[in-house]
Structures are given as C-alpha cells and as structure tokens.
Visitor: 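Please see the structure below; I have some questions.
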Amino acid sequence: MPAVTTLMGREETDGRRYPLWLERIFLLAALGVFIVYAPSVHAAVEQPILATFLAYVVYPLVLLAIVELLGRMVQSLHASKL
C-alpha cells in the first residue's frame, strides 16, 4: 500500500485501530447513570423549574461531555506516534 501524503507533503501512517465499541460502552454507561441518578439530581434542588432544567438538560450534557473526554483519552492512547 503506498504511503498517503498530505497537501503539505507529509507522509501519514495509520495508527492502531480505534476501539469504537469502548466508546459505545461509555455512552451506554452514561445513559444508565442518567436513568438511575436523574431523579436524585431533580430532588436535590428545591426550585421546581431549575430542578427540571438541571436534571434533564444540564446533567445529561455533563455526562455526554465526560463520555467525549474519555473517548478522546482512549483515542490519544491509540493514535500513531509521529
């Protein structure tokens, strides 16, 4: 297989295969954590509108951000070392 070159003339090599299944497990785990703990987050705040917003908007976004960070950490471990 010929080496792939970029517009800048660099040669790129493939790194190890990224384990996409691991990121899917992270996402399913975050979904499970959300289902189990969203009522607790909702109950922790006394203001009803704010509690709903935090439990069902902010909390899942924070979990999704954590999953994304974990995926990027795994990806950096599997990247080619140039």
Side-chain angles (χ1 to χ4, degrees):
M1 172 191 259
V4 178
T5 58
T6 64
L7 293 174
M8 298 295 293
R10 296 184 306 237
E11 289 187 13
E12 293 188 354
T13 58
D14 290 335
R16 294 183 288 176
R17 300 236 347 133
Y18 179 69
L20 191 59
W21 57 270
L22 188 58
E23 192 165 340
R24 289 178 182 157
I25 289 176
F26 290 156
L27 189 60
L28 288 175
L31 180 64
V33 168
F34 169 71
I35 290 170
V36 170
Y37 290 107
S40 299
V41 172
H42 191 275
V45 181
E46 295 183 13
Q47 178 66 26
I49 295 173
L50 183 61
T52 302
F53 179 73
L54 286 175
Y56 299 108
V57 176
V58 175
Y59 183 56
L61 288 175
V62 168
L63 289 175
L64 191 60
I66 291 170
V67 167
E68 182 67 26
L69 287 174
L70 288 173
R72 289 180 186 248
M73 286 173 42
V74 170
Q75 187 175 11
S76 71
L77 293 174
H78 284 46
S80 61
K81 308 292 188 239
L82 296 176

Visitor: Is there side-chain contact between L63 and Y59, with heavy atoms separated by less than 4.5 Å?
Guide: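 Touching, per the 4.5 Å side-chain cut-off.
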Visitor: Nearest 0.5 angstrom please: I25 CD1 to E23 CD, how far?
Guide: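 Between atom CD1 of I25 and atom CD of E23 there are 11.0 Å.
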Visitor: Do you know which two heavy atoms are closest between F26 and V67, and how far apart they sit?
Guide: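 In this case the closest contact between F26 and V67 is O-CG2, 3.6 Å.
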Visitor: Closest heavy-atom contact between A55 and P60?
Guide: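 That closest heavy-atom pairing would be O-CD, 3.6 Å.
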Visitor: Just distance, no hydrogens or angles: give the donor-acceptor pairs under 3.5 Å from side chains in residues 28-43, sequence neighbours left out.
Guide:
| residue | atom | partner | partner atom | Å |
| --- | --- | --- | --- | --- |
| H42 | NE2 | T52 | OG1 | 3.2 |

Visitor: Shared ILVMFWY cluster between L77 and L69, side chains joined below 4.5 angstrom?
Guide: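 No, it is not one cluster - the side chains of L77 and L69 are not joined through contacts under 4.5 Å.
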Visitor: Please determine whether residues Y56 and I49 belong to a single hydrophobic cluster, defined as Ile, Leu, Val, Met, Phe, Trp and Tyr linked transitively by side-chain heavy-atom distances below 4.5 Å.
Guide: no
Visitor: For the CG atom on L61, are there more than 12 heavy atoms of other groups (residues, nucleotides or ligands in this structure) within a distance under 6.0 Å?
Guide: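 More than 12 heavy atoms, drawn from other residues, nucleotides or ligands, come within 6.0 Å of this atom.
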Visitor: Share the residues that join L7 in a hydrophobic cluster, the rule being Ile, Leu, Val, Met, Phe, Trp or Tyr side chains under 4.5 Å apart at the heavy-atom level.
Guide: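 In the cluster with L7 there is nothing else; it is isolated.
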Visitor: L50: what forms a side-chain contact (heavy atoms from CB on, under 4.5 Å) with it, not counting sequence neighbours?
Guide: V45, Q47, L54
